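Here the structure comes first, spelled out in structure tokens, and everything after it is commentary.
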Amino acid sequence: MEKFIAQMKDFLKMESELPYEEFTAYYQDFINFLNTDFQSLDQENLLNAKFISSILHMNAEERGKGKGPNAKKFKKMAEKGKFWADAINYKLLKAGMTQEQIDKAYADINEAM
């Protein structure tokens, strides 16, 4: 998870848009990580994963609004990013966190970035 957070931190500092190939590679790597390790993530890593999933969702959604050759791919990525953000949020709620605690932790991560 540390690798994904470090990369996201670098991406968020960029002045220009991340090229499609890099975005897709990061996205695919992260989704594969969630597919294999989701059940074993602790609370801190779940919160980080929710942050990354949300950022990927929002970014892909924005890129999918265009009419470029990758618009449909970005829309699919946005859907999957939202799915994971919602699934992680549900798991955190089920583990005993309140929505307010989750939102505050999300805001803290965002501020740290």
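Please read all numbers here as calculations on a predicted model, not as lab measurements.
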Mind checking whether [X] and [Y] have side chains closer than 4.5 Å, heavy atoms only?
X     : Y     : answer
Glu2  : Asn48 : no
Ile88 : Leu92 : yes
Met1  : Ile52 : yes

Side chain to side chain donor-acceptor pair (under 3.5 Å) partners of Glu111, counting only residues at least two apart =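 Testing Glu111 for side chain to side chain donor-acceptor pair (under 3.5 Å), a comparison that skips the adjacent residues, returns none.
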
Sequence neighbours excluded, which residues qualify as side chain to side chain donor-acceptor pair (under 3.5 Å) partners of Asp103?
->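 If we apply the side chain to side chain donor-acceptor pair (under 3.5 Å) test to Asp103, skipping adjacent residues, the hits are Gln99.
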
Identify all side-chain donor-acceptor contacts of residues 6-13 below 3.5 Å with residues at least two apart in sequence or on another chain.
none

Indicate the atoms forming the closest heavy-atom contact of [X] with [Y], along with that distance.
X     : Y     : result
Leu93 : Thr98 : CD2-C, 3.9 Å
Leu41 : Leu34 : CD1-CD2, 4.2 Å
Arg63 : Asn59 : NE-OD1, 2.8 Å

Quiz: residues 15-31 side-chain donor-acceptor pairs under 3.5 angstrom, not counting sequence neighbours:
from  : atom 1 : to    : atom 2 : distance (Å)
Thr24 : OG1    : Tyr20 : O      : 2.8
Tyr26 : OH     : Phe4  : O      : 2.8
Asp29 : OD2    : Lys3  : NZ     : 3.1

To the nearest 0.5 Å, tell me how far Ser54 OG sits from Glu61 CD.
->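 Going from the OG atom of Ser54 to the CD atom of Glu61 covers 11.0 Å.
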
Which pairs pass salt bridge (Lys or Arg N to Asp or Glu O under 4.0 Å) with one or both residues in residues 31-50, sequence neighbours excluded?
->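 Qualifying pairs, neighbours excluded: none.
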
Validation: residues 72-87 side-chain donor-acceptor distances under 3.5 Å, sequence neighbours left out:
from  : atom 1 : to    : atom 2 : distance (Å)
Lys82 : NZ     : Asp86 : OD2    : 2.9

